[in-house]
Amino acid sequence: MLLGVYVFKQLKTYNNVTQLANKVLEESKLAKTMIMYYVSDSYTKDGKSTVMLYKSADESRTTIPGTEAITKIYIEDSTLYGLHEDGLYSIDLVSYNKERLVEKQIIDYVIKDTDAFLRTSDGIYKYNVNSKELKQIIEGKTYQMLIDGNDLYVITAGKTSKSIIKYNLNGEGKKELSGKYIVSSIYVSDERIFFINSKDSKAYVMSKSGANIKCISDNKVRGNSILEYKGNVYYINSSDNNTLYHINLSSGLEEMVVKKNIESIQIDGNIIYFKL
């Protein structure tokens with residue numbers, strides 16, 4: 001299966017895309033048929049952002065009710081999750097019933113089955129959607145959080161480093177993986193862990209046990225922009241005007257894919273979406 005690259009570019013300024021949902025495709029032949037949820041900037045001076053539904057079949061755009069100032073959206077089945085300044089919300093995409101699940105200032109979150117993992121200024125919390133139980137599972141400031149299977153990865157700061165720490169989903173079994181490196185962002189694929197080293201802004205790879213750490217990019221990598229697809233690593237090259245590059249992990253060959261000034265990338269199935 002080939003990897004396609006698709007630019008989602010709004011034709012009207014009042015639908016400026018600020019963030020795509022985790023799931024953007026219903027069906028796709030290089031994005032010819034697409035259903036997409038995204039956060040749109042408001043087109044009024046004092047207005048607020050809203051979540052929009054885009055359908056490529058008729059080029060329609062619909063505002064999702066109750067989504068004013070909702071950000072960091074995530075779609076799971078027929079439920080939309082998102083953050084507001086006063087907590088985590090869920091919106092039923094059939095009835096549009098809106099519910100505040102957690103009243104707390106949240107930096108980021110991950111949905112895993114019936115649990116929501118919440119990153120705040122003082123640690124990581126776990127909230128169960130069914131039982132409504134909220135408990136802190138990791139204390140202290142963290143800089144990024146992601147979940148892979150039954151593992152929870154976070155970046156934490158020490159005296160001389162910012163390290164990748166792995167826990168189980170209860171915040172137990174702590175294991176430091178990245179040692180001396182100052183890690184700015186991480187990405188976990190099926191087989192490997194990738195991270196950006198702040199000292200040189202280059203991409204590194206290691207096994208999921210934390211072994212065999214090595215640099216894989218000759219160029220500087222922008223922010224949290226590493227993705228892997230079938231042995232190729234895609235990233236935004238900040239050394240070359242934020243263009244899209246990929247690295248073949250077998251040969252080490254590093255090549256430009258798209259010559260555009262790109263802000264962020266996202267992969268869904270066999271398509272990379274990027275925002276200009």
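Rounding to the nearest 0.5 Å gives a distance of 9.0 Å between CD1 of I155 and OG1 of T142. Rounded to the nearest 0.5 Å, atoms CD (Q105) and OG1 (T120) are 9.5 Å apart. Note that OH of Y96 is 10.5 Å distant from CG of L80, once rounded to the nearest 0.5 Å. Rounding to the nearest 0.5 angstrom, the gap separating the CZ atom in F194 from the CZ atom in R192 is 5.0 Å. We find the CG-CD1 distance between N242 and I265 to be 11.0 Å, quoted to the nearest 0.5 Å.
K166 places no side-chain N or O within donor-acceptor distance of the main-chain N or O of K175, the cut-off being under 3.5 Å. Remark: side-chain polar atoms of S217 are paired, donor with acceptor, to backbone N or O of A203 under 3.5 angstrom. Within the 3.5 Å criterion, the main-chain N or O of L169 finds a donor-acceptor partner in the side chain of K126. Not one N or O on the side chain of K162 forms a donor-acceptor pair closer than 3.5 Å with the backbone of Y143.
Of the residues L146, I147, V110, N168, the one that meets the side-chain contact (heavy atoms from CB on, under 4.5 Å) test with L152 is I147.
For the ring pair (Phe, Tyr, Trp, His ring centres under 6.0 Å) test, residues two or more places apart in sequence or in another chain that qualify with Y204 are Y181, F195.
Relative to the ring axis of Y109, K72 does not place its NZ or CZ within 45° and under 6.0 Å from the centre. Because its NZ or CZ atom is not both nearer than 6.0 Å to the ring centre of F274 and within 45° of the ring axis, K260 does not count as a cation-pi partner of that residue.
Y127 and D115 are not linked by any side-chain donor-acceptor pair at a separation below 3.5 angstrom, with hydrogens and angles left out of the test. In the model, N241 has no side-chain atom that pairs as donor or acceptor with a side-chain atom of K259 under 3.5 Å. Residues N170 and Y167 bring no donor and acceptor atom of their side chains to less than 3.5 Å of each other. Between the side chains of N219 and E254, at least one donor N or O lies within less than 3.5 Å of an accepting N or O. If you check the side chains of Y54 and E59, you find a donor sitting under 3.5 Å from an acceptor. Checking D77 against T79 by side-chain atom types alone, no donor-acceptor pair falls below 3.5 Å. Neither side chain, Y187 nor Q144, offers a donor N or O lying under 3.5 Å from an acceptor on the other.
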- Should S163 and L177 be marked as a side chain to side chain contact (heavy atoms under 4.5 Å, CB included) after you check the CA-CA gap, both sets of side-chain angles, and the distance that decides it? CA-CA 7 Å; S163 303; L177 300 179; over 6 Å; no
- Tell me, with the steps shown, if Y125 and V102 meet side chain to side chain contact (heavy atoms under 4.5 Å, CB included). CA-CA 10 Å; Y125 290 77; V102 178; over 6 Å; no
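Among pairs with a residue in residues 143-158, those fulfilling salt bridge (charged side-chain N to carboxylate O under 4.0 Å, His left out) read D148-K208, at least two apart in sequence or across chains.
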